[in-house]
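Source: prediction; values computed, not measured.
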Amino acid sequence: MIMQHEHYDTSRLNAISIVEVAQRLGEIRRAGAVYKTRCPWHEDKRPSLTLYERTDENRCHCFACGKGGSVIDYVMQYGNWSFQEACQWLSREFGIYSTQVSWYRPSPKPKRIVTPAKPTFTYIPTQMADELVSSENSLCKCLKRMFQPEDVEWITKEYRLGCYSMNNHDDYTVFPSIDRQGRVCNLKVQHYETNISSPRFAHSDVGSCCWLGTIWAREGRLPSDARFQSACLFGEHLLTHYPDSLVALVESPKNAVYGALAFQQLIWIATGNKSMLKREVLQPLRNRDVIVIPDCDAVDEWTEAVKGMKDLANFTVSDICRREAFAEDKKFDIADYLQKQCMTMMQ
């Protein structure tokens, strides 16, 4: 009998440009003939990890802490991943796979063990999502009226916000759901009112929300029977980039983007909707300090929910949206609060 095992071509993985790998994981800067980035082996406030990609070497070394290594070593340390997880990420990200075939002889009377099959999800190719990244989408157009344009550009790259043309608009906003392993689970698209004189300014059009994964599967750009992972937090990939930062948890991706612009010292993460505040969804927040900021109508519900998850993370609930809401606005959220503050300052 033949059994196929997943095998990683470590020689090819370690030959991937370490500069390109570091660029996908974080920010890099040129320093003479080399590049530098923040060192994952110590708390690095200034980029001190030197990246060498000459033909005779492809490695990294930190002159501050003395540590470094190969491409795989760097990815393992950066993501706090095992060797297997690091190879899996590199193989998927750069399309380098190989298969090892081995022979084995089964025992005379093997005991049959039946286990539930894990769901097979379709992940959207990273390149397809990255091709959409742009601050020319409708939400970013609004944000540039209230925040510094360079900050909006920065947040676009952090969350990999995109722009998409559909339904007679060329500026639908794309919110990618990217997990801690860097896999694109799905792409939520929504359109926002860009007329600043409109009472609906920076609010989404009714019925404009949809998912690109479903659209692309219907169009044949993805498998027609694709199943997409729904239990992924918006901004989840940033938890790997900033392992020690305080986390702010909100409901919608728009709330997370507003919060990240106003309070850049926090990592802003969104559940996607009110009902997704579940233990299985919040697993990536394990052992983190988390400020929970529910919408006005979800304060009681979310407060009660996190009481039963104290073993998962250190949750603190803020009722700022309830305190600041207009009496008639039960859906008042942190984005509404921050937008109100910005519009007041502009007057």
Side-chain angles (χ1 to χ4, degrees), residues 6-98 100 123 125-127 129-131 133 150 153-160 176 178-184 235-247 260 264-265 267 284 286-288:
E6 193 170 27
H7 173 69
Y8 301 105
D9 190 334
T10 55
S11 296
R12 292 177 65 195
L13 295 181
N14 274 326
I16 300 169
S17 167
I18 198 165
V19 171
E20 187 174 349
V21 171
Q23 192 170 26
R24 294 199 185 191
L25 291 173
E27 293 185 2
I28 64 173
R29 65 177 178 85
R30 181 177 284 279
V34 297
Y35 286 89
K36 288 192 173 185
T37 189
R38 294 183 187 274
C39 177
W41 279 276
H42 73 282
E43 188 175 350
D44 194 8
K45 295 183 179 178
R46 289 187 177 184
S48 60
L49 187 72
T50 303
L51 308 172
Y52 300 95
E53 62 166 355
R54 294 192 290 269
T55 55
D56 58 335
E57 58 182 337
N58 188 53
R59 61 182 180 87
C60 60
H61 179 77
C62 179
F63 289 94
C65 70
K67 296 183 179 179
S70 66
V71 170
I72 295 175
D73 292 331
Y74 171 69
V75 174
M76 287 174 64
Q77 184 65 28
Y78 190 97
N80 193 25
W81 292 330
S82 66
F83 177 83
Q84 183 88 359
E85 290 171 329
C87 290
Q88 184 182 47
W89 182 86
L90 284 165
S91 297
R92 182 183 60 252
E93 194 76 7
F94 293 91
I96 297 175
Y97 295 94
S98 63
Q100 176 178 342
Y123 294 99
T126 303
Q127 183 179 356
D130 286 348
E131 287 174 351
V133 174
E150 57 267 26
E153 293 292 341
W154 167 72
I155 218 67
T156 298
K157 294 178 182 178
E158 281 280 89
Y159 288 94
R160 287 152 77 174
I178 307 172
D179 68 14
R180 294 185 69 184
Q181 284 73 47
R183 298 173 298 194
V184 182
E236 184 177 312
H237 62 292
L238 298 178
L239 296 171
T240 303
H241 293 189
Y242 305 99
D244 301 318
S245 297
L246 182 63
V247 177
Q264 297 181 13
Q265 70 275 25
I267 303 302
R286 180 169 292 279
N287 299 325
R288 299 291 290 251

Can you tell me if [X] uses its side chain to pair, donor with acceptor, with the backbone of [Y] under 3.5 Å?
{"X": "Glu236", "Y": "Ile178", "result": "no"}
{"X": "Arg180", "Y": "Thr240", "result": "no"}
{"X": "Trp81", "Y": "Ala86", "result": "no"}

Return the set of residues passing side-chain contact (heavy atoms from CB on, under 4.5 Å) with [X] (not counting sequence neighbours), or none when no residue passes.
{"X": "Pro243", "answer": "none"}
{"X": "Ala22", "answer": "Ile28, Thr37, Leu51, Tyr74"}
{"X": "Ser11", "answer": "Asp9"}
{"X": "Ala64", "answer": "His42, Ser48, Cys62"}

For this session: Could you grab the distance from atom CD of Gln264 to atom OG of Ser245, nearest 0.5 Å is fine?
Result: 12.0 Å
For this session: Starting at OG of Ser91, measure out to CZ of Arg12 and round the result to the nearest 0.5 Å.
Result: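 Interatomic distance, Ser91 OG to Arg12 CZ, rounded to 0.5 Å: 9.0 Å.
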The criterion is side chain to side chain donor-acceptor pair (under 3.5 Å); which residues satisfy it with [X], sequence neighbours excluded?
{"X": "Arg29", "value": "none"}
{"X": "Tyr35", "value": "Arg30"}
{"X": "Glu20", "value": "Arg24"}
{"X": "Ser70", "value": "Asn14, Asp73"}

Exercise. Which residues satisfy the salt bridge (Lys or Arg N to Asp or Glu O under 4.0 Å) test with Asp130, sequence neighbours excluded?
Worked result: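 For Asp130, the residues satisfying salt bridge (Lys or Arg N to Asp or Glu O under 4.0 Å) (neighbours in sequence not counted) are Arg160.
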For this session: Could you tell me which residues satisfy salt bridge (Lys or Arg N to Asp or Glu O under 4.0 Å) with Asp179, sequence neighbours excluded, listed by chain and number?
Result: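 With sequence neighbours excluded, Asp179 shows a salt bridge (Lys or Arg N to Asp or Glu O under 4.0 Å) to Arg183, given in chain and number order.
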Exercise. Stepwise, does the side chain to side chain donor-acceptor pair (under 3.5 Å) test hold for Tyr242 with Glu158?
Worked result: CA-CA 11 Å; Tyr242 305 99; Glu158 281 280 89; 2.8 Å; yes
Exercise. How would you list, by chain and number, every residue that makes a ring-ring contact (aromatic ring centres under 6.0 Å, His included) with Phe83, sequence neighbours excluded?
Worked result: none
For this session: Only counting residues at least two apart or in another chain, list the ones meeting ring-ring contact (aromatic ring centres under 6.0 Å, His included) with Tyr159.
Result: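 ring-ring contact (aromatic ring centres under 6.0 Å, His included) list for Tyr159, sorted by chain: Phe234.
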Problem set entry | Over 12 non-hydrogen atoms of neighbours within 6.0 angstrom of CD in Glu150 | yes
